[in-house]
Amino acid sequence: FFFFMRVQTVYCETDSPELAAEKVKTLLMLRAAGWEDAFLGADAGNPVQMKRYTKPSTLKEIREAVKILKTVVVLPNLRIGYILIDPFMDFNELKQSLAFVEEADMVEGIHFSLVKLSFYEGSRLTKMAKRRGIIEGEANELLSYQGERYSDPQVQAVATIFDAWHQATRPILTVCSQYVNSKDPDSVLVAEAQRMREALEGQYYPLLLDVVAAVDSQNWEKIIAVAGELARGRAAILRNFLDHAPGDMGSLEHQALVKSCRVTMWVDEIAADVLERSYQKNFVMWEDWRYQLLTREHLSDGLVDETMQKA
């Protein structure tokens, strides 16, 4: 079974020794009863962010809670909720929050849980963001807001690259999870999909380190190179999956996953070439890619246009 958990449910600095021991005893009893999976709300990695979010946990409590769940309870599946980026922060806050991920031994737990701060209608932070001009307009059907303005241009740069990776990878991971859970009888195809999912999630944290280092250098060529490496790295993961799992095999869920992977792979390969070649030569490159998609990949004109537009 699975729990969503607060940090202070596991460890709190103000607990008496007796209460701290009782908490660990309870967690061990739950583990013995079949508990295998938890989502721990660590929230952030520096005191300024924690105060902004009015979160009661301290950094010490986060470190100790993760340590207890990983080394005492030995929970096999620990996922950690963590807000890395918000429009109020400066670049130093972002670097501190990212550094805390390793300091607190959370790298294996975060994977896709590192997120930007979301703004929801009626919350205190949403009202603050509106006053400062960070968000404008009306909330969407989920009562949240999109298109934030960042106070620090370096944080904005990281968020932009983060969004590009997130928007292209999230749909694949979603379809991949649906396929893995679909009980397809072909265990080989399921295993390949699982490996691809793990590879994409494993790309996440190293990518963030590279992006932050590139933006910190304020070297535009280095930032462009990192973006290109991101696109080409994801394309390689997807191509490896497609080489082992052709689209005419497996269930409808598998075929949907293959289609999603193919389009994203084509977009990544095009984008990587765009970033690596000079701007003056791009019009030649676009025509070259259009020809390759039509002839080598046998796409229809409509799908070629869709793919090129996304790239």
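- Between Arg195 and Glu198 there is no salt bridge, since no side-chain nitrogen of the basic residue lies less than 4.0 Å from a carboxylate oxygen of the acidic one.
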Side-chain donor-acceptor distances from residues 34-42 under 3.5 Å, at least two apart:
residue, atom, partner, partner atom, Å
Trp35, NE1, Asp37, O, 2.9
Asp37, OD1, Arg79, NH2, 3.2
Asp37, OD2, Arg79, NH2, 3.0

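- Applying the salt bridge (charged side-chain N to carboxylate O under 4.0 Å, His left out) criterion to Glu64, with sequence neighbours excluded, gives no partner residue.
- Taking Lys259 as the reference, nothing meets the side chain to side chain donor-acceptor pair (under 3.5 Å) condition, with sequence neighbours excluded.
- Partners of Tyr150 according to the side chain to side chain donor-acceptor pair (under 3.5 Å) rule, which considers only residues two or more places apart in sequence or in another chain, do not exist here.
- The side-chain contact (heavy atoms from CB on, under 4.5 Å) test applied to Tyr120 returns Ser118, Ser144, not counting sequence neighbours.
- Residues satisfying the side chain to side chain donor-acceptor pair (under 3.5 Å) criterion with Ser217, sequence neighbours excluded, are absent altogether.
- Shown here are the side-chain contact (heavy atoms from CB on, under 4.5 Å) partners of Lys25, two or more places apart in sequence or in another chain: Glu22, Met29.
- Here salt bridge (charged side-chain N to carboxylate O under 4.0 Å, His left out) pairs that include residues 140-153, with residues two or more places apart or in two chains, are Lys116-Glu148, Glu136-Arg149.
- Salt bridge present: Asp15 and Lys23 bring a charged side-chain N and a carboxylate O closer than 4.0 Å.
- Between atom CG of residue Asp105 and atom NZ of residue Lys67 there is a gap of 10.5 Å, rounded to the nearest 0.5 Å.
- Evaluation of the salt bridge (charged side-chain N to carboxylate O under 4.0 Å, His left out) test over residues 121-131, restricted to residues two or more places apart or in two chains, returns Glu121-Lys130.
- The pair Arg232-Asp268 does not count as a salt bridge, with every side-chain nitrogen at least 4.0 angstrom from each carboxylate oxygen.
- With sequence neighbours excluded, no residue satisfies side chain to side chain donor-acceptor pair (under 3.5 Å) with Asn219.
- For the salt bridge (charged side-chain N to carboxylate O under 4.0 Å, His left out) test, residues two or more places apart in sequence or in another chain that qualify with Asp216 are Lys95.
- Qualifying side-chain contact (heavy atoms from CB on, under 4.5 Å) partners for Ile161, counting only residues two or more places apart in sequence or in other chains: Val211, Ile223, Leu230.
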